[in-house]
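Below is one structure, written out as structure tokens; the observations come after it.
Numbers here are sequence positions counted from 1. Just so you know, these numbers come straight off a predicted model, no measurement behind them.
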Amino acid sequence: MKILTVCGLGMGSSLILKMNVEAVLKQHGIQASVEHMDVSSAASASADLVITNAELVDNLQHLSCPLAVVNNYIDSKEIALALEQAGIIKLGE
């Protein structure tokens with residue numbers, strides 16, 4: 001499974017989100033390749049899931065994979081909920 005974390009420039013925010021997504025996935029025993037990038041690169045990338053913030057989601061609506069919205073990149077509960085809504089993890093088990 002390939003997950004992209006996306007921010008405007010693909011530098012700091014998406015890297016922080018990548019690390020926190022990896023931590024949540026690890027807690028749930030899920031293995032995935034998580035990459036971070038800018039919104040322009042993500043617009044033409046291939047992935048199983050893209051995680052970004054509400055401001056950038058409109059730029060990625062054309063992608064064939066699901067989009068998850070996380071606005072607080074350091075909130076593991078918000079990240080876990082987004083991953084659950086995307087069908088990647090199951091909470092409460």
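Between atom CG of residue Asp75 and atom CG of residue Leu17 there is a gap of 11.0 Å, rounded to the nearest 0.5 Å. Atom-to-atom distance recorded for Ile79:CD1 and Ile88:CD1 is 14.0 Å, nearest 0.5 angstrom. Put simply, CG on Leu83 and CD1 on Ile89 are 5.0 Å apart, with the number rounded to the nearest 0.5 Å.
In this view, Thr52 and Val6, Leu56, Val57, Leu60, Tyr73 satisfy the side-chain contact (heavy atoms from CB on, under 4.5 Å) rule, not counting sequence neighbours. Asn71 meets the side-chain contact (heavy atoms from CB on, under 4.5 Å) test with Asn53, Ala54, Val69, Glu78; sequence neighbours excluded. Taking the side-chain hydrogen bond (donor to acceptor under 3.5 Å, both in side chains) definition, one finds that Glu35 meets it with nothing, sequence neighbours left out.
A salt bridge links Glu22 to Lys18: at least one charged side-chain nitrogen sits closer than 4.0 Å to a carboxylate oxygen.
The number of heavy atoms from other shown groups lying within 6.0 Å of CD (Gln61) is above 12. Atom NZ of Lys26 has 12 or fewer heavy atoms from other residues, nucleotides or ligands within 6.0 Å.
In the hydrophobic clustering of this structure, Leu91 groups with Ile3; members are Ile, Leu, Val, Met, Phe, Trp, Tyr whose side-chain heavy atoms approach within less than 4.5 Å, directly or through other members. Under the 4.5 Å side-chain contact rule for hydrophobic residues, Val34 and Val24 share a cluster. No path of Ile, Leu, Val, Met, Phe, Trp and Tyr side chains, each step under 4.5 Å between heavy atoms, connects Leu9 with Val39, placing them in separate hydrophobic clusters.
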Run the side chain to side chain contact (heavy atoms under 4.5 Å, CB included) test on Leu25 and Val21 for me, step by step, so that the C-alpha distance in whole Å, both residues' side-chain angles and the decisive distance to 0.1 Å come before the verdict. CA-CA 6 Å; Leu25 291 172; Val21 166; 3.8 Å; yes
Checking side chain to side chain contact (heavy atoms under 4.5 Å, CB included) for the pair Met37/Leu4: CA distance, chi angles, key distance, verdict? CA-CA 7 Å; Met37 63 182 56; Leu4 301 179; 3.7 Å; yes
Apply side chain to side chain contact (heavy atoms under 4.5 Å, CB included) to residues Val70 and Asn20 and explain how you reach the verdict. CA-CA 11 Å; Val70 171; Asn20 289 321; over 6 Å; no
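Across all their heavy atoms, Cys7 and Ser13 have their closest contact at CB-CB, 3.7 Å. Across Cys65 and Ala47, no two heavy atoms sit closer than the pair CB-O, 3.1 Å. The shortest heavy-atom contact between Asp48 and Pro66 is O-CD, 3.1 Å. The minimum heavy-atom distance between His28 and Lys90, with the atom names listed, is CD2-O, 3.9 Å.
Not a single donor-acceptor pair under 3.5 Å links the side chain of Thr5 to the backbone N or O of Ile51.
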